[in-house]
Amino acid sequence: MLSDSTITQAYAAAKERYAAAGVDTDKAMDALQKISLSLHCWQADDVTGFEKQAGALSGGIQVTGNYPGKARNIDELRADILKAASLIPGRHRLSLHETYGDFQGKVVDRDEVAPEHFRTWMEWAAANGMKLDFNSTSFSHPKSGNLTLANPDSGIRNFWIEHTKRCRLISEEMGKYQGDPCIMNLWIHDGSKEVPASRLKYRRILKESLDEIFAQKYENMKDCIEAKLFGIGLESYTVGSYDFYLGYGAKNGKIVTLDTGHFHLTESIADKLSSLLLFTPEIMLHVSRPVRWDSDHVVILNDDITDLAREIIRCKALDKVHIGLDYFDGTINRIGAYVIGTRATQKALLMALLEPSARIQDYEDNGHYFERLAVQEEMKNMPWGAVWDMFCLKNGVPAGEDYISDIQKYEKDVLSHRA
């Protein structure tokens, strides 16, 4: 276990070394303190939700593993989220899918959902110092099929239009209640296993559906539209592609969501930020770790996430980029998955905040490319870990590996008693 004195001594040395490089570590920690990530509620129960009529996952959503102790109801899920939050430095948000409403055991179809079904969530979040974000849910429903908002069948399409309108109203009420805009993400799985006779046909229908959905203007919520490369069983054609939503978002002033698992594995999500910032009002990031496909592995501190964090900081875009987590792993302790992924994302942001960006930019402006590359390389050897440990200490959460025993105890005392 790391003692406070050990952390303090290591931080003092790190602070001095960073100061020599022109970096104020205290300012970096202050900046990180202000970054609220949006935790995803669906990690705690493998995207099950609380619909009384819930069926099997569909729409390309897959969760592997059956590690014991997953949340079975709203109380257990809330307890698990609070446990995870207690081991993560900073104050964060919570992102809910529509299927996680407090339905009180009643059958509430998705075109009937209303703010009242999320009233206890608003109260719970406020009592625990959290703010809420929201997601419409088009998968895992008898009317999901392969097409929802892009469905030529007006009955099916109108069902999902009404669902999404209601989700926007719920988001508006959440934002109003918490005094901070609720970010609502719209993602649909619509697509085709083979190439359709007309790609344009379904994209035109989706555009018309979105136009109707967004006709109502709100002041306390923000709309995000999320693309995907392909879905399982719908590999050849995705209606809501990146190009579609990029065009729609730029034209209509909507936030485009970049999910790090929704692109080809060789694409750089970091490279997309500077382009979107010029043409869309803000950006929403869904952070996951794809392994060969959109497998939503637990986020770790790898090159992809560190490059993404650096780009946010270099663009000075913390006020325009929202960061949410979006992975689900049922093979390991789910609270542990929350903590590892969230802390890894924060570590990447801290490393970016500790970069002497002004110095690097100055080298570039003066054509000193050797010096630019040299500084970037040498920063990899800097003692950022000591700054991270101090950040944890300041927030009253375990530093280093100390959170492991805390999660093990929670598993023994709580999770192991769930059938």
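- The closest side-chain heavy-atom distance from I255 to Y245 is not below 4.5 Å.
- Taking a cutoff of 4.0 Å between a charged side-chain nitrogen and a carboxylate oxygen, R157 and D153 do not qualify as a salt bridge.
- Salt-bridge formation is detected for the pair D307/R310: a Lys NZ or Arg NE/NH1/NH2 atom is positioned less than 4.0 Å from an Asp or Glu carboxylate oxygen.
- A salt bridge is absent between K176 and E219: the closest approach of a Lys/Arg side-chain nitrogen to an acidic carboxylate oxygen does not fall below 4.0 angstrom.
- Relative to the six-membered ring of Y248, K254 misses at least one condition, a distance below 6.0 Å or an angle of at most 45° to the axis.
- In summary, D46 and R334 engage in a salt bridge, as defined by a charged side-chain N under 4.0 Å from a carboxylate O.
- Side-chain atoms of E235 come within 3.5 Å of backbone atoms of G233 as a donor-acceptor pair (strictly under, hydrogens ignored).
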Derivation and outcome, side-chain hydrogen bond (donor to acceptor under 3.5 Å, both in side chains), residues Y218 and E173 | CA-CA 10 Å; Y218 290 118; E173 292 302 313; over 6 Å; no

In sequence, state the C-alpha distance, the side-chain angles, and the governing distance for N395 and Q33, and then conclude on side-chain hydrogen bond (donor to acceptor under 3.5 Å, both in side chains).
-> CA-CA 9 Å; N395 279 273; Q33 191 73 47; 2.8 Å; yes

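- Stacking of R119 on the aromatic ring of W124 is not recorded, the 6.0 Å distance cut-off and the 45° axial limit not both being met.
- In terms of modelled atom types and a separation under 3.5 Å, the side chain of S295 and the main chain of W293 share a donor-acceptor contact.
- Rounded to the nearest 0.5 angstrom, N151 CG and I205 CD1 are separated by 7.5 Å.
- The CD1 atom of I213 lies 8.0 Å from the CG atom of L206; values are rounded to the nearest 0.5 Å.
- Distance CD1/I161 to OG/S209: 3.5 Å, rounded to 0.5 Å.
- Each of D326, L273, T257, D259 was evaluated against L285; a single residue qualifies, L273, per the side chain to side chain contact (heavy atoms under 4.5 Å, CB included) test.
- E51 CD to F103 CZ: the interatomic distance, rounded to the nearest 0.5 Å, is 5.5 Å.
- R204 has no carboxylate O lying under 4.0 Å from a charged side-chain N of E208, or vice versa, which leaves the two without a salt bridge.
- Within the 6.0 Å centre-distance limit, the rings of F118 and F134 are counted as a close aromatic pair.
- Among residues two or more places apart in sequence or in another chain, the side chain to side chain donor-acceptor pair (under 3.5 Å) test is passed with E311 by none.
- In this structure, NE2 in H117 is found 8.0 Å from CD1 in I170, a value given to the nearest 0.5 Å.
- Using cut-offs of 30° and 60° for the angle between ring planes, the W160 and H141 rings count as perpendicular.
- A salt bridge links K272 to E267: at least one charged side-chain nitrogen sits closer than 4.0 Å to a carboxylate oxygen.
- Between W187 and F139, the two ring planes are tilted [angle within 30° to 60°].
- One side chain, S3 or T6, offers a donor N or O that lies under 3.5 Å from an acceptor on the other.
- Of the possible polar contacts, one joining the S192 side chain to the E194 backbone as a donor-acceptor pair under 3.5 Å is found.
- There is no side-chain donor-acceptor pair under 3.5 Å between E172 and Y177.
- Using a 4.5 Å heavy-atom threshold, the side chains of V387 and M29 count as touching.
- Between H40 and Y338, the distance separating the two ring centers is shorter than 6.0 angstrom.
- A side-chain donor-acceptor contact under 3.5 Å links Y11 and D26.
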If you look only at distance, which donor and acceptor atoms sit under 3.5 Å apart when one is on a side chain in residues 92-102 and the other is two or more places apart or in another chain?
unit_1 : atom_1 : unit_2 : atom_2 : d
H92    : ND1    : L37    : N      : 3.0
H92    : NE2    : P89    : O      : 2.8
H92    : NE2    : Q346   : NE2    : 3.4
R93    : NE     : D133   : OD1    : 3.3
R93    : NE     : D133   : OD2    : 3.0
R93    : NH1    : D180   : OD2    : 2.7
R93    : NH2    : D133   : OD1    : 2.9
R93    : NH2    : D180   : OD2    : 3.4
R93    : NH2    : P181   : O      : 3.0
S95    : OG     : N135   : ND2    : 2.8
H97    : ND1    : S136   : O      : 3.3
H97    : ND1    : T137   : OG1    : 2.8
Y100   : OH     : D45    : OD1    : 2.4
Y100   : OH     : D45    : OD2    : 3.3
Y100   : OH     : T48    : N      : 3.3
D102   : OD1    : Q104   : NE2    : 2.9
D102   : OD2    : Q104   : NE2    : 3.1
D102   : OD2    : T120   : OG1    : 2.7

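- Salt bridge status for D80 with R418: present, with a side-chain N to carboxylate O gap under 4.0 Å.
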